Every structure is written in C-alpha cells, then in structure tokens.
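Atoms within a ligand are numbered from 1 in the order they appear, just like the ligands themselves. All figures in this text were calculated on a predicted structure; none of them were measured in a lab.
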Amino acid sequence: MATYITTPIYYVNAMPHIGHAYTTLIADTYSRFRRLCNDDVRFQTGTDEHGEKIVQAADNEGVTPREYVDRISDTFRQSWPGLSIEPDNFIRTTDSDHIKVVQEILQKVYEQGDIYFSEYSGHYCKGCERFLTEKEMVDGLCPDHQTSPDEITEQNYFFRMSKYQEPLIKHIKENPEYITPERYRNEVLSFLSEPLEDLCISRPTSRLTWGIPLPFDDKFVTYVWFDALINYLTGLGYPDGPDFDKYWSVAEHVIGKDILKPHAIYWPTMIMAMGLAPYQRLHVHGYWNVDETKMSKSIGNVVRPGELLEEFGVDTVRYFLLREMSFGLDSSFSYEAVTARRNSDLANDLGNLFSRVLTMIGKYADFKVPEIDKPSVTEEDRLLVDAMEEMIAEYSRCMNSFEFHKGLQAVWGVIGMMNRYIVTNAPWELAKEEDQAGRLNTVLYFLADSLRILALVLGPVMPVAAGKMAAALGMEELMDAATLQEDGCWGKMVAGTVINKGEQLFPRLDKKKKGKQEKQQSQKQKKKKKKDAPEVDMEGLITFEQFGKVELRVAEIIAAEKIKKADKLLKLTLKAPEERTVVAGIAKHYTPEELVGKKVIIVANLKPAKLMGVTSQGMVLAAKEKDGEGNERLVLSTVSGDIAVGSGVA
Ligand code: ME8
C-alpha cells in the first residue's frame, strides 16, 4: 500500500513556532507509523511564499521578497531535523516546476469555462489574504486579525466554485471519513448549506506583482490560495510523474482548524474542476494556546521549538505534543505540563520499567535474554500477552484515525501492567530460590519481549528513545526493517540475545525549573483569576446585586458534536467572542448540524466543570416544557436580529 501525507505549506512571514511544529510532527509520526505497517510512504511539507503578506514582511526588513523568502524558507527547513521530523519532500511555491504546474492548471480550467472575468466589491483582509463576508466580520473587523478590512472594488478573475457545491456536499455526505474529526465535517456541511459564492482567484499587478502570472492575462497574478493548494500536486510530479500515479489517490492532508475552508471547500472543488479523483482524507486539528491564552507576537508568548528542545530534548517534546492534545480540540501549553508528563509518564512509568528490566536481565541472566521455561508459564503471563495484542490493535486503530493521544494511552496501559507484573512476580525473590530458576527465566523473557514490542510501537512517536531502547535490547539493526505485521507479534525476541544496559532513557527533571515565559504568564494568570472570581450564592430570593454577578452573554455556536457514551449531551464550541467549550444536555432535542450558526445565550462566568471527560466552560440557556405525558422538551433561548457575539444580556 501507499501513503501520501502532507502538512500545510507555511507562510514565510513568521518564524516556526510550536503550532507549525505540531502539524509537521503529526505528519511525521503518521508517516513513520505507516512505514511500520510496511507502506510505501511519501511525506511532504514546505513553504508558501507568494502574496501581499510576504511583500510586506520583506519591506519591513528592507530586503527584496526573493532574499526574504529564501532566508525564512530555509529557517523552516532547518527546524525539522532537530525534532526528528524527516519529510521526503520540501516544496516551495517559488520553485519553477510549481509555477509551471499552477499555470498549466489555470489554463486548463480557464479553457473549459470554469474561470471568468468580472467585477467585485468587498471587504479584503490582508492578514487572511481573502475577501471576508459580512457574516464573518465582527464589529466591522476581521475576527482573526482585529483589523479593519480594506473596501476594494476591482475587476478580477473568478473560479466557478458554486458549480461544484452540490457534488461536494454529496461527496462529504457519502464519505464520513473525508473530513475528521466529525465536528469539522459538521462545520463544513453547515457552511455548505448556504449558497456558495464563486472564488476570486486573481490580483491585479497594479496591486501585487509577487505572485504567479495568469497564463491568459499578464495584468494579473494568481490568488495565493489557488497557487498554494496546488503544491500537493506539484510535489508528486503532476500531471504525469510516476509518483503522481502512485500517491495521489491516497492523499491525506493534515491542517489546523484555521484553514479548514480553503482545504475543505476551495481545494476539493478545484480538484473536481481539474477532473482528478478527490483526496482521501482531511485531518483537522485544534490550536495550541499558551497558558490558556492565544499565542501571539504582541503578547510575547510565542513558544519556539528550539527553546523546547533545549530544555526537554526531542523525545519529551514529541511525546508531550502528541499525548497532551486531543486531536481536533484546542490544548494549552505550559512548561509545567511538559515537566509533569516527562517526570510521570516518561521517567517514572517507561524509564523506570526499562532500566529495571535491563538491570534484572544483567544481574540474574548475565545480560542474555533467557529462554522461556514452558512448564512455568502462568495465567498471568497469558494475560500479559493478551494485553499486548489488544494494545497493538488499539494503537493501530488510533494511529490510523489520528487519535494519537488515545494510542499512547493504550501503550501506557500495558506499561502499567508490566510494572505490576514485576511487583507480583518479584524476580528478586525468585532469584533467591534454586527451584524457581525456570520461573525466573520465564518472567525475564516475558518482560524482555514486551519491551521489544514497546520499542516498536514507540518508534513513530519517539524515534530517538525507541532507537536507544532497540540498541539496548540488541535489536538495533532489526528496527529499520521492522513491521508491525511481522514483529508486532508475541515471542519474536530471540533467546540468547545480548542486551546492554545503556544510558538512562529519561532522567527526572527538576519540577521547580520553569521557562522564563512560564513564570511571567502564570503570574499574569493568577492576578486575572483573583479579579474575575465570581461568587454567586442563590438561596431563596436573590438580590439585584447577586443577579448582577451572573454574566449572561450572546454566543454563536461554531461547532457541535456528540459525546461518546452520553446520549443526552452535546459538546458545543462557542464564540463568545473568545472560543470556549460548553456541554449541553440537548442531544435529544437538536442534531449537531442544525445548531451550527445559532446565536444563543450563555452563562459566561460559571466555574468550569467536567462532564463525561469534557470540561464545560459555561452553560447554555434553554426553555423547558413538559407535555401531558411528562416528556420534557428543551428549546434553546436564541437571539434574533443582528447582534455581535460577546454582547451582554440585560
Ligand atoms: O495558513 N496551534 O500558513 P500558516 C496549532 N500558507 N497549529 C498552528 C497554530 C497553533 N496555534 N498556529 C499555526 C497558511 N498552526 C497557508 C497554508 S496550505 C496550502 C497553505 C499551524 O503559516 C496549523 O497547521 O499560517 C495551521 O493550519 C498552519 O500552521 C497555518 O500556517
């Protein structure tokens, strides 16, 4: 089988931070996992180098766009090896083969009548590099950049995106795996339930020259998204390279939620217009915040991968990012959280297990993996084997569905079991009694073989640490060619293999050690928390003052999804105006799809509470009625009329 996995190509107007690192790490981990499944894998990342933002950034530095993009693109390229991220291809939109492919595609789509010339007036946001609709703006500003869009009227070329709206809806509905997690699929379907406008795909050269000229009109350059998305094809040698045939039909894209619309709407409709098969899957992840605050240059809380690597090392950084974030949801980064994961999951659970087992094989078996003594095999050993097999199945399922945190939970489940196995079997006691020599050998073999499997499944997540584990277990050379099908089965450790104790995998870190930013941030947070703390005591009648403490706000539902094993609950993502999650008991009364876009009233200053594992940050108001049979019906209190999200309710 073949696998083709891509990341967004990053704008070169900013330096790489942990957000970029996360997406690229996901793609690297997945590509390593698919290789472990014996796939022929191609992994592509790169940089997006045209457009107004880039010209502006170059201007700010007083250099030409060409000099500027060369330098920053190289910074991105150089960032990846330190994180053990190894793409097969690094593409740049200023590469000559890419420019040629974009022009060929434009010409084809133009000739078939899917590109036309027209006039347009709209609100153009430079930061987004696109026109915003009235509905997207908040108080006349771009919600992402907090800037006022330029009012522009100009003649331009348009792509007939609307023509492909119905086929796209059909494809998404027929292929539940096309866009995941589900909440993003719902968001796209909800957006597509309104008529789709055609896409403006050019910029006049009077306004912008740093772009790819339209092949049929040299007074225009291509809009940056029509240029950028095509990178996924160029990188395969489209239209007739051998890699294109091999990999296009299995293409999978990983992106952050910020660029859902271009990838889930512009790109598939462009692909349809080109007459190509759709990409296979789009995997959408949430945002990394820092100490619950949006990462931003102006706040000064941007976390760079280099700083993290210096403080924690590559394995801990990779493990933390993959384990801490539930794929699809936002997550908060803090130095404290990384230290906690390092000390508990890596140093205590995995590191200790590994060094204990190797020490015991050294001490009781002279550094050679002993042979199983069959008569001494017990039910507990069989349970360990069963658990290993279940773990591999669950791990594989999760890695394939991009639920990396759950895959790692499954691995840590067996790590816990192995630690308990050591305690219950107490090899140090067995070593004291001569007639227990057979049992001692069996226990040591079971532990050694389990460690071998751990090294295998941890390879995609922590390639350096897994390599060290493999070296210590005498299986270094085998690792490169190992596959889950062949080597993921029980009992492949060859008795007599010489092991060596090697270095400590994960020395504990001092808990007090905190990054500079962390200290500043947590002080700020503490102050804020004190000021904001609400205290509402509602016994019997309440006073005006007490009621005044309840903060009611207008919020817009931007995503909704079911919560597993909770048939009454829905998880809502709201804009209020900051993004927050609220769990609401309305699943019996509303489908997730019909909720998106509704403006509701929330209690905004409720203490967060965990419901079925999801932290709810507030409460949605609903009217409640009972029919004659005592059945309850809930109707959300919605707000009609044009009112900005975040407005207070009087
Ligand atoms: O959008 N948390 O480039 P870009 C998690 N050039 N991921 C984050 C993040 C955060 N806080 N911030 C950024 C572009 N990302 C276009 C893409 S593709 C044909 C063109 C990651 O440099 C995430 O993957 O703004 C997000 O989608 C991407 O960086 C945006 O990168």
Side-chain angles (χ1 to χ4, degrees), residues 5-28 30 44-54 57 69 72-73 75-77 79-80 85 90-94 98 101-102 105 125-130 144-145 184 211-212 222-235 251-268 270-271 279 282-297 299 301-305 308 320-322 324-333 402 404 579:
I5 183 78
T6 70
T7 72
I9 45 171
Y10 304 111
Y11 284 131
V12 289
N13 66 336
M15 294 296 200
H17 56 58
I18 50 162
H20 306 114
Y22 175 72
T23 318
T24 321
L25 168 63
I26 290 285
D28 181 79
Y30 183 65
Q44 175 171 301
T45 186
T47 43
D48 191 356
E49 306 182 8
H50 289 125
E52 282 171 60
K53 279 201 232 202
I54 311 299
V69 297
I72 312 289
S73 174
T75 309
F76 271 91
R77 192 196 293 265
S79 296
W80 306 139
I85 289 173
F90 188 96
I91 192 165
R92 301 181 56 184
T93 52
T94 49
H98 177 70
V101 168
V102 171
I105 291 173
C125 172
K126 271 202 189 125
C128 297
E129 300 246 22
R130 66 182 180 93
D144 286 347
H145 297 93
Y184 296 108
I212 301 179
T222 325
Y223 168 47
V224 63
W225 276 105
F226 208 94
D227 159 357
L229 289 160
I230 290 173
N231 90 83
Y232 302 131
L233 299 177
T234 314
E252 297 182 64
H253 306 305
V254 189
I255 59 163
K257 63 180 183 180
D258 53 330
I259 51 177
L260 177 62
K261 216 183 267 178
H263 280 82
I265 296 175
Y266 304 177
W267 183 222
M270 285 166 65
I271 292 173
Y279 59 73
L282 179 66
H283 308 278
V284 190
H285 66 71
Y287 252 39
W288 279 100
N289 298 320
V290 173
D291 281 320
E292 320 282 343
T293 311
K294 193 173 171 179
M295 232 188 322
S296 109
K297 240 180 169 174
I299 300 179
N301 64 349
V302 179
V303 179
R304 309 283 175 197
L308 285 187
F320 172 80
L321 292 174
L322 291 163
E324 190 76 5
M325 183 176 256
S326 301
F327 191 90
L329 301 180
D330 290 354
S331 220
S332 188
F333 172 90
F402 281 62
F404 302 97
E579 200 173 309

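Scanning for side chain to side chain contact (heavy atoms under 4.5 Å, CB included) contacts around S79 gives P16, with sequence neighbours left out. The side-chain hydrogen bond (donor to acceptor under 3.5 Å, both in side chains) test applied to K257 returns D330, E579, not counting sequence neighbours.
Sorted by first and then second residue, the salt bridge (Lys or Arg N to Asp or Glu O under 4.0 Å) pairs with a member in residues 7-20 form an empty list; sequence neighbours excluded.
Using a 4.0 Å heavy-atom criterion, the residues that approach ligand 1 are P8, I9, Y10, Y11, H17, G19, H20, T23, D48, W225, A228, L229, N231, Y232, G256, D258, I259, H263, H285, G286, Y287, W288, M295.
Enclosure of atom NZ in K126 is not indicated, since only 12 or fewer non-hydrogen atoms of other residues, nucleotides or ligands lie within 6.0 angstrom.
Under the 30°/60° scheme for interplanar angles, the aromatic rings of Y223 and Y266 are found to be tilted.
Taking the six-membered ring where the residue is Trp, the centroids of F90 and F76 are separated by 6.0 Å or more.
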